[in-house]
Student: 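Dropping the structure in here first, questions after.
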Amino acid sequence: VKSKTNEEVMSAVAEAVNVARRCVPKAGKKWPRALPGLNAKNNEKLVVPKIDPAHFEPMGAWSTEKIKESRAANPFMMTWVPGRARDNVPIMTHGEGVYLYDSNGKQYLDWTSQAVCANLGHDVPEAVVEAAAKQMRQLPFTYGGIGFTEIRARINQLMAEIMPGDLRAAVFPSSGAEANEAGIMMARRYTGKFKVISWYRSYHGATAHASAATGDFRRWYGANEVPGFVKAFNPFPLFFDHAGANEEEQVESSLKMLEEQILNEGPDDIASIMMESIVGAGGCLVMPKGYMQGVRALCDKYGILMHCDEVMVGFGRTGTMFGFQNYDGVMPDIVSAAKGISSASIPLSMTACTEDIMAFFDDKPLGYGSTYQAHPVALACAYENIKYLIQQDIVGRVRDMAPVFEANMQRLAERHRSIKQYRAIGLFGCLDVKEMSGTNPKLQHEAAHEAFLKYKRAFAENGLVGLHRYPHIHCAPPLSITEDELLDGFDRLDRALYVLDDALGYQDSEEEYVC
């Protein structure tokens, strides 16, 4: 048999390899895999819904028993408390001035303006009602990018006239969190930088970036993993003082700490420093003299935008139209506001910015939007609300009432041994509760002390309703409150605080306690 030459052998090997290559894709192309079967359920495609005929009864016709039955049969989620707490929420039937009334006829003085938002109480000015009705009849909705309305022109002009400097309303979302989302996007796109510095003692909302900017416990529910947010200490840490023999030196130490953090994070990576001008849920914290001015100077030095969250205190709460106006010489680059813009008559917020930032986006999109941004009905309500604030000089009225408010905050702090200290500005204040040992009775990761549950019951029994953010006791009645109503509210709170004193052991003990 004639042996094969080397060339023939190599040719045969090459052909075998080619055959193998041609076969591999066919042999290794796929594995058999069965998809899961549908666990079919009847989605009632052709079923005509059967609804309770009671839905067609006029509003207000349902009895208390009917409302309770419906609540039990159709549960809903709560937000910052477990869902079962829904059963303890009083059924409110109507409001009048600073008062709310439940289904049993019990009167409550709204001691925190709901979530510090019902700034004109529970009588909406008739002009707001009429404006909403007229806008609904004339043009209930047009999408902001498709149609421009007279009300949008009017409120834009009004905001330019009441905001200081060259701040201008940019967008009108539906909530404070959304306004902060827009402000964060605005800062990042304008600067081309990504990081945002905010305080541990802060709350900015529950949407993704607003929640990541938040410093308190509500950030823990899922926003800790959102990148680009850096936390810093403001001048009010809980367990230590910034170095210094007096407030001026402590402010300087606090600012140096912030500057060192800026340098370590990289100034070229920081888009904005975002802060509440007066910290709200964290305890009505008014920044000490020179601090906000120092933050503004650091922002200017390192090319960082200053973003003031005015969601809680904007539109008159502190005796100025905006909270940052309490700090001489301070002008932010971005302002977010909500709550007081409509006095909670309808969901609306605003993000404002300087003319330079506004001009930057003339040839590029902001990169933020929502279906109901600049909703014409919401704008109509806010427009009349803001005009009412101006016509009735509500801001001046708050300034006039502020001394009475603070005197009573001081009175309660001095009378009740469970109160460590108080803070107050305008018609916004906070009492801090302490244990007999002087320690903090409610850290963020801890459940509420039994004493607070007793106090909360006494709070309601004495005809008060409002938010509870222990160990802080917030005081933020409607800006429309009269002096007599204000004094009555403090008397009601006074009685409830005696229950707190007793529950914490102060009334039963003759031992010395720590201030």
Side-chain angles (χ1 to χ4, degrees), residues 97-98 109-121 162-164 176 201-203 234-236 275-289 291-292 308-330 332 335-344 385-386 388-413 421-432 464 466-467 469 472-490 493:
V98 298
L109 198 163
D110 190 349
W111 197 238
T112 63
S113 305
Q114 298 300 284
V116 196
C117 56
N119 285 359
L120 295 180
I162 69 171
M163 296 194 81
R201 295 187 74 174
S202 69
Y203 179 69
N234 66 19
F236 300 100
M275 73 209 80
E276 297 164 273
S277 55
I278 284 90
V279 174
C284 185
L285 304 178
V286 183
M287 297 298 120
K289 184 178 180 180
Y291 184 77
M292 289 289 275
C308 281
D309 179 341
E310 294 277 338
V311 169
M312 189 171 283
V313 300
F315 297 96
R317 171 61 58 183
T318 67
T320 57
M321 186 62 77
F322 298 98
F324 68 81
Q325 292 173 308
N326 289 287
Y327 308 106
D328 291 343
V330 173
V335 173
S336 46
K339 297 184 185 277
I341 195 171
S342 67
S343 294
N385 175 73
I386 296 167
Y388 183 89
L389 296 179
I390 295 168
Q391 289 170 329
Q392 301 299 317
D393 191 22
I394 296 296
V395 177
R397 193 170 179 282
V398 171
R399 283 196 299 271
D400 292 341
M401 294 278 283
V404 178
F405 182 84
E406 180 162 3
N408 280 273
M409 293 289 290
Q410 182 177 357
R411 173 172 68 90
L412 296 192
Q421 59 201 359
Y422 79 93
R423 292 169 296 280
I425 183 170
L427 288 180
F428 191 34
C430 185
L431 301 165
D432 291 341
L464 292 174
L467 286 179
R469 290 285 181 264
H472 308 303
I473 293 176
H474 287 82
C475 303
L479 308 186
S480 55
I481 195 167
T482 67
E483 183 171 338
D484 287 344
E485 290 167 341
L486 183 65
L487 294 174
D488 175 44
F490 275 112
L493 182 60

Student: Within this structure, what is the SG-CG distance for the pair C475 and L464, rounded to the nearest 0.5 Å?
Tutor: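 Output value for this atom pair is 9.0 Å.
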Student: Hey, does the side chain of H474 reach the backbone of G466 with a donor-acceptor pair shorter than 3.5 angstrom?
Tutor: no
Student: To the nearest 0.5 Å, tell me how far M287 CE sits from Y327 OH.
Tutor: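 It comes to 5.5 Å.
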Student: Take I390 and I386 through the test side-chain contact (heavy atoms from CB on, under 4.5 Å) and record every step on the way to the result.
Tutor: CA-CA 6 Å; I390 295 168; I386 296 167; 4.1 Å; yes
Student: Would you check, one step at a time, whether the test side-chain contact (heavy atoms from CB on, under 4.5 Å) holds for L431 with L493?
Tutor: CA-CA 11 Å; L431 301 165; L493 182 60; 4.2 Å; yes
Student: So, do N326 and S277 sit near enough that their side-chain heavy atoms are less than 4.5 Å apart?
Tutor: no
Student: Less than 6.0 angstrom separating the ring centers of F405 and F428, yes or no?
Tutor: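 No, they do not, as the ring centres are separated by 6.0 Å or more.
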Student: I need the R317 CZ to C117 SG distance, nearest 0.5 Å.
Tutor: 9.0 Å
Student: Quick one: list whatever passes salt bridge (Lys or Arg N to Asp or Glu O under 4.0 Å) with D432, sequence neighbours left out.
Tutor: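 For D432 the salt bridge (Lys or Arg N to Asp or Glu O under 4.0 Å) partners, ignoring immediate neighbours, are R423.
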Student: For S480 and Q392, what are the C-alpha separation, side-chain angles and deciding distance, and is it a side-chain contact (heavy atoms from CB on, under 4.5 Å)?
Tutor: CA-CA 10 Å; S480 55; Q392 301 299 317; over 6 Å; no
Student: Taking all non-hydrogen atoms of both residues, which atom of I481 and which atom of E485 are closest, and how far apart?
Tutor: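 Shortest heavy-atom contact: CG1-CB, 3.5 Å.
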Student: Donor-acceptor pair, distance only, cut-off 3.5 Å: does the side chain of S113 make one with the backbone of A476?
Tutor: yes
Student: Judged by atom type as modelled, is there a donor-acceptor pair below 3.5 Å linking the side chain of E310 to the main-chain atoms of G323?
Tutor: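 Checked: pair present.
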Student: Nearest heavy-atom pair of N234 and V279: which atoms, and what distance?
Tutor: ND2-CG2, 4.2 Å
Student: So, taking the atom named OH in Y388 and the one named CG in D393, what distance separates them when rounded to the nearest 0.5 Å?
Tutor: 11.5 Å
Student: Quick one: does any side-chain atom of Q114 pair with a main-chain N or O of A118 as donor and acceptor, under 3.5 Å?
Tutor: no
Student: Any side-chain to backbone donor/acceptor pair from N408 onto R411? Under 3.5 Å, distance only.
Tutor: no
Student: For a quick test of reading the model, state the closest non-hydrogen atom pair linking G340 to L389 and the distance between them.
Tutor: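 Here G340 and L389 meet closest at O-CD1, 4.4 Å.
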Student: For L427 and L479, work out which heavy atoms get closest and say how close.
Tutor: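 Looking at all heavy atoms of both residues, the shortest contact is CD1-CA, 4.0 Å.
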Student: From D110 CG over to L467 CG, what is the distance, rounded to the nearest 0.5 angstrom?
Tutor: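 Here the interatomic distance stands at 9.0 Å.
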Student: Does the side-chain contact (heavy atoms from CB on, under 4.5 Å) test come out yes or no for V404 and L487, once each step is laid out?
Tutor: CA-CA 8 Å; V404 178; L487 294 174; 4.1 Å; yes
Student: Could you tell me which non-hydrogen atom of S343 sits nearest to which non-hydrogen atom of L120, and how far apart they are?
Tutor: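 Reported closest heavy-atom pair: OG-CG, 3.5 Å.
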Student: Under a 3.5 Å distance rule, please check whether K339 uses its side chain to pair with a backbone N or O of G176 as donor and acceptor.
Tutor: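 Checking the backbone N and O of G176 against the side chain of K339, no donor-acceptor pair under 3.5 Å is found.
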Student: Would you say the side-chain atoms of E406 and Y422 include a donor-acceptor pair closer than 3.5 Å?
Tutor: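 Per modelled atom types, E406 and Y422 side chains form a pair under 3.5 Å.
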Student: Say whether, by atom type as modelled, one donor and one acceptor occur between the side chain of H472 and the main chain of A281 under 3.5 angstrom.
Tutor: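 Not at all, since once roles are kept as given, no pair shorter than 3.5 Å links the two residues.
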Student: Check whether T320 reaches the backbone of Q325 with its side chain - one donor and one acceptor, N or O, closer than 3.5 Å.
Tutor: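 Not confirmed, T320 side chain does not pair with Q325 backbone.
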Student: Looking only at heavy atoms, what is the nearest atom pair of M409 and A424, with distance?
Tutor: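 Closest heavy-atom pair between M409 and A424: CG-CB, 4.2 Å.
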